[in-house]
Amino acid sequence: ADDGTVGWGQSVPIARWSYETFETAVVLLHDYYAPALIGHDPADIEGAHARMSEAVANGFSTGNPITRSGIDIALHDLAGKLAGRSLAEMWGMPSGGPVELSWTVNVVNLEDLERLLEEGREAGCRNYNIKVGPDPEFDRELARRVREAAPDSFLWADANTGYSVETALRAAPVLADEGVDILESPLPPNRIDGYLRLKRQGALPILMDEGLVSPVEVEEFASLGMIDGVAMKPARTGGLWSCRRQIETCRERNLLWVGSGLTDPDISFAASVGLYSAYGLEKPAALNGAPQFLNESVLKHDLSITEGKVDPPVGPGLGIEVNEDKVDELMRRTGGDRLMERLCPVSGGAAAIAE
């Protein structure tokens with residue numbers, strides 16, 4: 001902000017998950033979104049999204065949502081600091097409690113399963129989300145073993161759109177028989193007839209992740225009768241502003257919603273925890289970045305995770321402090337500074353972006 005206040009955001013573009021890449025994110029942020037927002041009121045986050053949509057046109061839904069989520073999170077942090085309010089206070093909501101975490105189980109060999117389950121237990125997690133598809137028989141045995149190891153857990157199967165329609169129709173009742181509670185993203189989001197057939201089958205609650213980028217898709221797909229609920233990811237939906245409206249739509253339509261992430265690191269992890277806590281998430285969240293898959297942090301003080309539960313950060317904005325020396329050191333070690341200098345050579349690359 002012009003008074004020197006800084007808001008921090010974080011985007012996690014990985015090409016295996018989306019059409020967005022590190023390179024496209026850097027160029028979009030530096031050459032399109034940042035110039036469009038200079039002079040804009042940081043508290044007007046809805047208006048900021050409108051400006052970004054003018055700078056780069058949307059596609060079927062919100063364009064480049066993973067990249068935009070970094071700005072959205074930074075604006076929430078900045079607006080909260082300027083107002084002296086936490087995320088919950090900015091939204092007129094009471095401070096929420098700890099968010100329970102789910103441990104991700106992604107194996108191609110069942111021999112590796114017990115080791116992963118034990119790692120989850122050692123981290124204090126008692127609930128599991130399993131990656132399934134495309135083989136229903138493998139998935140049956142995976143679900144059976146996880147349910148046997150954790151009979152009282154919330155067991156969540158995520159196919160990451162990996163089933164065909166006919167395979168999904170075979171897999172859903174099989175997974176239900178083995179004690180799975182919900183099935184996330186069994187099909188690509190454009191397989192509308194397939195989702196309708198799964199809903200009519202009724203073997204499991206069907207949730208969608210990929211494909212629900214803006215609140216509009218939640219409203220439309222729910223009206224069509226395609227889904228029972230939504231797996232939320234601020235990173236995939238363009239940030240907290242969109243995610244909040246999706247949660248509110250789920251509440252209005254009596255849809256199930258669960259919290260997830262894109263292996264979110266520290267800053268985006270804190271944003272997701274703040275959102276889920278404020279809205280009283282009832283099911284364990286599949287926020288696997290900080291506790292499971294990542295061992296680096298740019299925060300001065302990491303979030304508190306005890307017995308598989310993470311406390312929402314307190315304080316204005318995201319309630320976190322970023323150690324800029326850690327950011328610089330991590331960029332140098334990973335070559336990020338050199339890559340940004342290549343992508344933005346005229347304006348000074350990484351130094352200009354940092355400024």
Point to revise | Test side chain to side chain contact (heavy atoms under 4.5 Å, CB included) applied to V310 and F269, step by step | key: CA-CA 10 Å; V310 55; F269 180 76; 4.0 Å; yes

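- We find the CD-OH distance between E54 and Y33 to be 12.0 Å, quoted to the nearest 0.5 Å.
- A donor-acceptor pair is defined here as one N or O able to donate and one able to accept, closer than 3.5 Å; no such pair exists between the side chain of K81 and the backbone of G7.
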Exercise for review: Evaluate the criterion side chain to side chain contact (heavy atoms under 4.5 Å, CB included) for residue pair E296 and R333; output intermediate values, then yes/no.
Suggested key: CA-CA 12 Å; E296 295 282 357; R333 181 149 46 90; 3.1 Å; yes

All N/O donor-acceptor pairs, side-chain side in residues 315-325, below 3.5 Å, sequence neighbours left out:
{"unit_1": "N323", "atom_1": "OD1", "unit_2": "D325", "atom_2": "N", "d": "3.0"}
{"unit_1": "N323", "atom_1": "OD1", "unit_2": "K326", "atom_2": "N", "d": "3.2"}

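- Using a cut-off of 4.0 Å between Lys/Arg side-chain N and Asp/Glu carboxylate O, R140 and E137 are scored as salt-bridged.
- A donor-acceptor pair is defined here as one N or O able to donate and one able to accept, closer than 3.5 Å; no such pair exists between the side chain of N127 and the backbone of S153.
- Through direct or relayed side-chain contacts under 4.5 Å between Ile, Leu, Val, Met, Phe, Trp and Tyr, V213 connects to no other residue.
- Remark: the backbone N or O of P98 is not paired with any side-chain donor or acceptor of D311 at under 3.5 angstrom.
- The minimum heavy-atom distance linking I206 with M226 is given by the pair CG2-O, 4.4 Å.
- A salt bridge does not link D72 with R68: none of the charged nitrogens is closer than 4.0 Å to a carboxylate oxygen.
- A distance-only check finds no donor-acceptor pair linking the side chain of H76 to the backbone of G80 [under 3.5 Å].
- For F293, the CZ atom sits in a packed shell: over 12 heavy atoms of surrounding residues, nucleotides or ligands are nearer than 6.0 Å.
- Open room surrounds CD on E282; 12 or fewer heavy atoms of other groups in view lie less than 6.0 Å from it.
- Using a distance-only test at 3.5 Å, with no hydrogens or angles considered, a donor-acceptor pair links the side chain of S164 to the main chain of T167.
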Point to revise | Intermediate values then yes/no, side chain to side chain donor-acceptor pair (under 3.5 Å), Y163 and D135 | key: CA-CA 8 Å; Y163 287 131; D135 181 359; over 6 Å; no

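- Here K131 pairs with D158 in a salt bridge; the nearest charged N to carboxylate O distance falls below 4.0 Å.
- A heavy-atom distance below 4.5 Å is found between the side chains of L343 and V26.
- To the nearest 0.5 Å, the span separating CD1 on I227 from CG on L198 amounts to 12.5 Å.
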Exercise for review: Apply side chain to side chain contact (heavy atoms under 4.5 Å, CB included) to the pair V6 and W8, showing each step before the final yes or no.
Suggested key: CA-CA 7 Å; V6 173; W8 283 88; 3.5 Å; yes

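- Side-chain contact check for E210 versus N160: some heavy-atom pair is nearer than 4.5 Å.
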Check your understanding: Under the side chain to side chain contact (heavy atoms under 4.5 Å, CB included) criterion, do L240 and L87 qualify, and how do the steps go?
Key -> CA-CA 10 Å; L240 300 173; L87 291 178; 4.2 Å; yes

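- V314 and W91 sit in two unconnected hydrophobic clusters of ILVMFWY residues. Membership requires side-chain heavy atoms under 4.5 Å apart, directly or through other members.
- The environment of CZ in R244 is crowded: more than 12 heavy-atom neighbours from other residues, nucleotides or ligands sit within 6.0 Å.
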Exercise for review: Show your reasoning for whether side chain to side chain donor-acceptor pair (under 3.5 Å) applies to R236 and S69.
Suggested key: CA-CA 8 Å; R236 195 185 290 285; S69 71; over 6 Å; no

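- Rounding to the nearest 0.5 Å gives a distance of 8.0 Å between CG of L281 and CD1 of I247.
- Residues M331 and M340 have side chains in contact (heavy-atom distance under 4.5 Å, counting atoms from C-beta outward).
- Nearest heavy-atom pair, A74 versus G9, reported as atom, atom and distance to 0.1 Å: CB-N, 3.4 Å.
- Annotation: side chain of R147 is not in contact with side chain of E178 (no heavy-atom distance under 4.5 Å).
- Between the side chain of D44 and the backbone N or O of G47, at least one donor-acceptor pair lies under 3.5 Å.
- Here the straight-line distance linking atom CG of L287 with atom OG of S272 works out to 5.0 Å at 0.5 Å rounding.
- Between Q10 and P265 there is a side-chain heavy-atom pair separated by less than 4.5 Å.
- In the hydrophobic clustering of this structure, V180 groups with V146; members are Ile, Leu, Val, Met, Phe, Trp, Tyr whose side-chain heavy atoms approach within less than 4.5 Å, directly or through other members.
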Exercise for review: Take N129 and S102 through the side chain to side chain donor-acceptor pair (under 3.5 Å) test and state the conclusion after the steps.
Suggested key: CA-CA 6 Å; N129 52 291; S102 176; 2.8 Å; yes

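- Put simply, the side chain of S223 gets close to the backbone of E219: a donor and an acceptor are under 3.5 Å apart.
- Judged purely by atom type and a 3.5 angstrom limit, R245 uses its side chain to pair as donor or acceptor with the backbone of W241.
- We find the CG-OG1 distance between L116 and T104 to be 9.5 Å, quoted to the nearest 0.5 Å.
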Practice item. Tell me, with the steps shown, if D209 and S185 meet side chain to side chain donor-acceptor pair (under 3.5 Å). Key: CA-CA 6 Å; D209 165 14; S185 296; 4.7 Å; no

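- Of the charged side-chain nitrogens involved, none lies within less than 4.0 Å of a carboxylate oxygen, so that R170 and E166 do not count as a salt-bridged pair.
- Under the 4.5 Å side-chain criterion, counting only non-hydrogen atoms from C-beta, L299 is in contact with I267.
- Annotation for P134 and G162: closest pair CB-O, 3.6 Å, computed over non-hydrogen atoms.
- You'll find the side chain of L183 stays beyond 4.5 Å of the side chain of L207, heavy atoms only.
- In terms of hydrophobic clustering, with Ile, Leu, Val, Met, Phe, Trp and Tyr side chains grouped at heavy-atom distances under 4.5 Å, V258 and L212 are assigned to different clusters.
- Checked by atom type and distance alone, the side chain of E118 never pairs as donor or acceptor with a backbone atom of R115 at under 3.5 Å.
- Between the side chains of E119 and W103, not a single donor N or O lies within less than 3.5 Å of an accepting N or O.
- Closest approach of V99 to V273, counting heavy atoms only: CG2-O, 3.9 Å.
- Closest approach of L142 to I130, counting heavy atoms only: CD2-CB, 4.0 Å.
- Side-chain contact check for S214 and E217: at least one donor-acceptor pair (N or O, by modelled atom type) lies under 3.5 Å.
- Chaining together hydrophobic side chains whose heavy atoms lie under 4.5 Å apart places L262 alongside V12, I14, W17, I66.
- The line from CZ of R51 to CD1 of I71 is 12.0 Å long, rounded to the nearest 0.5 Å.
- Contact of the R126 side chain with the R121 side chain is registered, since non-hydrogen atoms from C-beta on lie closer than 4.5 Å.
- Scanning both residues, L187 and G194, for their nearest heavy atoms gives CD1-C, 3.5 Å.
- Ring geometry, Y279 versus W257: the interplanar angle exceeds 60°, so the pair is classed perpendicular (tilted spans 30 to 60°).
- V230 is connected to I192 through a chain of hydrophobic side-chain contacts under 4.5 Å among Ile, Leu, Val, Met, Phe, Trp and Tyr, so both are in one cluster.
- One N or O on the side chain of S242 and one on the backbone of T237 form a donor-acceptor pair closer than 3.5 Å.
- Cluster annotation: L256 and F154 are assigned to the same hydrophobic cluster (Ile/Leu/Val/Met/Phe/Trp/Tyr, side-chain heavy-atom contacts under 4.5 Å, transitive).
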